[in-house]
Asks: 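For reference, the structure I am asking about is given below.
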Amino acid sequence: MDRVTAVDPLRTAEIIAVGSELLGATRLDTNSLFLSGRLASLGIELRAKSVVGDDRGMLAVVFSQALARADLVLLTGGLGPTDDDVTREVVAGVLGLPFTEDPAIVATIERRFARRRMRMPENNRRQAQVPRGALVLDNPNGTAPGLYIAHDAKVVVLLPGPPRELQPMMARLCESLLGARAGGERSYTTSAFVTGRSESHVEEAIQPIYSRWYDATPPIQTTILAAPGQIEIHLTLRSADPGAARARLDEARDAIAAALGDAVFSTDGRFLEEVVGDLLKARGLTMAAAESCTGGLLLSRVTDVPGSSAYVRGGVVAYSNDLKTAFVDVPADVIAQQGAVSEPVASAMASGARTRLGADIGVGITGIAGPDGGTPEKPVGTVAIAVAGPGGAEQVRTFSFPGGRAQVKYQSAQAALDMVRRGILNGDW
Ligand code: AMP
Ligand code: MG
């Protein structure tokens with residue numbers, strides 16, 4: 001009588017990146033970033049990842065431990081033809097699987113060499129060694145095939161190191177073998193991006209809301225990520241029902257957005273420069289900027305968005321005082337009396353940019369990015385930002401940003417964009 005064995009879905013995974021170069025100072029393991037995204041979309045929880053050199057003993061230890069802890073172990077790299085490529089051999093050794101040479105793989109590799117009018121070196125036969133029971137994963141972009149090994153209730157996958165070989169192979173696996181073993185549940189995410197509030201303010205405002213979701217069915221996991229000038233709130237949910245998952249996440253995200261009000265600038269993953277661009281385009285408005293301490297960063301970010309020529313007039317980097325006067329008509333006596341970093345100078349830069357560059361909205365940014373140049377009254381991180389609109393509408397604010405030079409510049413551009421955004425939403429311009 002046939003026995004049908006139900007196989008448990010794969011719930012947990014670990015990744016092992018193999019390669020001595022990845023332990024050095026110049027090469028980073030990026031494959032695991034790609035793989036973790038694919039695992040998340042399959043609803044398989046990544047528990048840990050490791051980086052190991054081309055070292056048989058070390059790899060055997062790390063692989064054995066990963067296999068004991070996780071349902072699925074993904075290994076990348078070390079599948080090449082040379083002696084330092086040890087992944088295939090170590091995995092087969094730990095699993096106790098003998099090798100056989102697969103003539104079809106030898107033929108495929110020979111054809112790849114023949115196309116380049118070359119003979120296949122004997123070394124490459126190593127890549128045709130298949131552990132018993134393993135499925136061979138074609139590699140149209142290189143010589144090293146991948147391997148898929150179902151071992152008891154667990155799965156081990158060996159993928160080539162080069163990202164352009166690994167990525168399509170993993171994508172095909174997710175649609176076939178791995179997708180079928182992942183179980184019915186998938187992971188769904190949504191986000192809300194906030195600016196102008198600190199991480200702890202955001203936490204204070206939304207903690208009473210998201211703490212109710214811990215014990216909900218299904219639970220929603222909330223992650224708050226702080227970056228300079230931006231707080232990201234990510235909500236994640238596991239479910240077997242895509243429609244219900246989306247509806248539940250949208251409702252949860254809307255509750256968070258309502259608690260934070262207009263500090264939320266995006267609930268669809270768009271960055272601030274894209275949100276501002278879309279608002280300008282929708283209202284038929286154009287913008288220009290005179291930048292000092294940001295050195296053009298504002299305009300650089302705004303013009304990273306495709307289609308920005310529809311609403312960006314241009315900008316000037318007016319770093320020195322005389323160029324603030326020459327380019328955007330900041331009166332020299334205002335600079336002399338108020339200092340270059342002051343609200344009157346930011347205002348004059350904004351209205352000068354607006355009129356000289358012929359835009360509806362002008363932005364002026366002047367500040368002290370550090371590490372030198374601070375004074376007791378105006379310490380490093382002091383930045384004055386002004387936005388000028390039609391009919392004399394104007395807003396000007398002074399900020400004190402934390403962090404080093406790059407952070408101060410980024411936060412200045414972010415705050416300027418946010419002033420433009422809020423002004424548009426309030427109908428100021
Ligand atoms: P291998 O399969 O170990 O021969 O790796 C071949 C090449 O793939 C390496 O020289 C790297 O350029 C690249 N590579 C290997 N592992 C990784 C990784 N984890 N992340 C990004 N690139 C990798
Ligand atoms: Mg290698």
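In what follows, residues are counted from 1 in the order of the sequence shown.
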Asks: In Å, rounded to the nearest 0.5 Å, how long is the span from CG of Asp360 to OH of Tyr311?
Replies: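 Answer for the CG-OH pair, Asp360 versus Tyr311, is 14.0 Å.
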Asks: Testing Val62, Leu23, Leu28 for side-chain contact (heavy atoms from CB on, under 4.5 Å) with Val51, which one passes?
Replies: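 Output: one option passes, namely Leu23.
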Asks: Taking only residues two or more places apart in sequence or in another chain, which ones pass ring pair (Phe, Tyr, Trp, His ring centres under 6.0 Å) with Tyr410?
Replies: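 Testing Tyr410 for ring pair (Phe, Tyr, Trp, His ring centres under 6.0 Å), a comparison that skips the adjacent residues, returns none.
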Asks: Taking the side chain as everything from C-beta on, heavy atoms only, tell me whether Leu72 gets closer than 4.5 Å to Leu178.
Replies: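 Yes; the side chains approach each other to less than 4.5 Å.
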Asks: Measuring from atom CG of Leu59 to atom CD of Glu89, what distance do you get when rounded to the nearest 0.5 angstrom?
Replies: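 Between atom CG of Leu59 and atom CD of Glu89 there are 10.0 Å.
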Asks: Is there a side-chain contact between Thr267 and Thr190, using heavy atoms and a 4.5 Å cut-off?
Replies: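 A side-chain contact under 4.5 Å is absent here.
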Asks: Quick one: list whatever passes side chain to side chain contact (heavy atoms under 4.5 Å, CB included) with Glu274, sequence neighbours left out.
Replies: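 Only Arg270, Phe271, Val305 meet the side chain to side chain contact (heavy atoms under 4.5 Å, CB included) criterion with Glu274.
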Asks: Donor-acceptor pair, Gln395 side chain versus Val387 backbone, under 3.5 Å?
Replies: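 No, the answer is negative, given that no donor and acceptor are paired below the 3.5 Å cut-off.
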Asks: Given Glu165, which partner from the list Asn141, Asn139, Thr76 fulfils the side-chain hydrogen bond (donor to acceptor under 3.5 Å, both in side chains) test?
Replies: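 With Glu165 as partner, Asn141, Asn139, Thr76 yield a single side-chain hydrogen bond (donor to acceptor under 3.5 Å, both in side chains), made by Asn139.
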Asks: For Ala369 and Lys409, which heavy atoms make the closest approach, and how far apart are they?
Replies: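 In terms of heavy atoms, the two residues are closest at CB-CG, 4.4 Å.
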Asks: More than 12 heavy atoms of other residues, nucleotides or ligands under 6.0 Å from CD of Glu204: is that the case?
Replies: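 Check fails, neighbour count at 12 or below.
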Asks: Aromatic rings Phe401 and Phe399: how do their planes relate, parallel, tilted or perpendicular, breaks at 30° and 60°?
Replies: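 Rings of Phe401 and Phe399: parallel, as their planes differ by under 30°.
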Asks: Determine which pairs satisfy salt bridge (Lys or Arg N to Asp or Glu O under 4.0 Å) with at least one residue from residues 58-85, sequence neighbours left out, and list them in order.
Replies: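 Those involving residues 58-85 are Glu14-Arg69, Asp83-Arg126.
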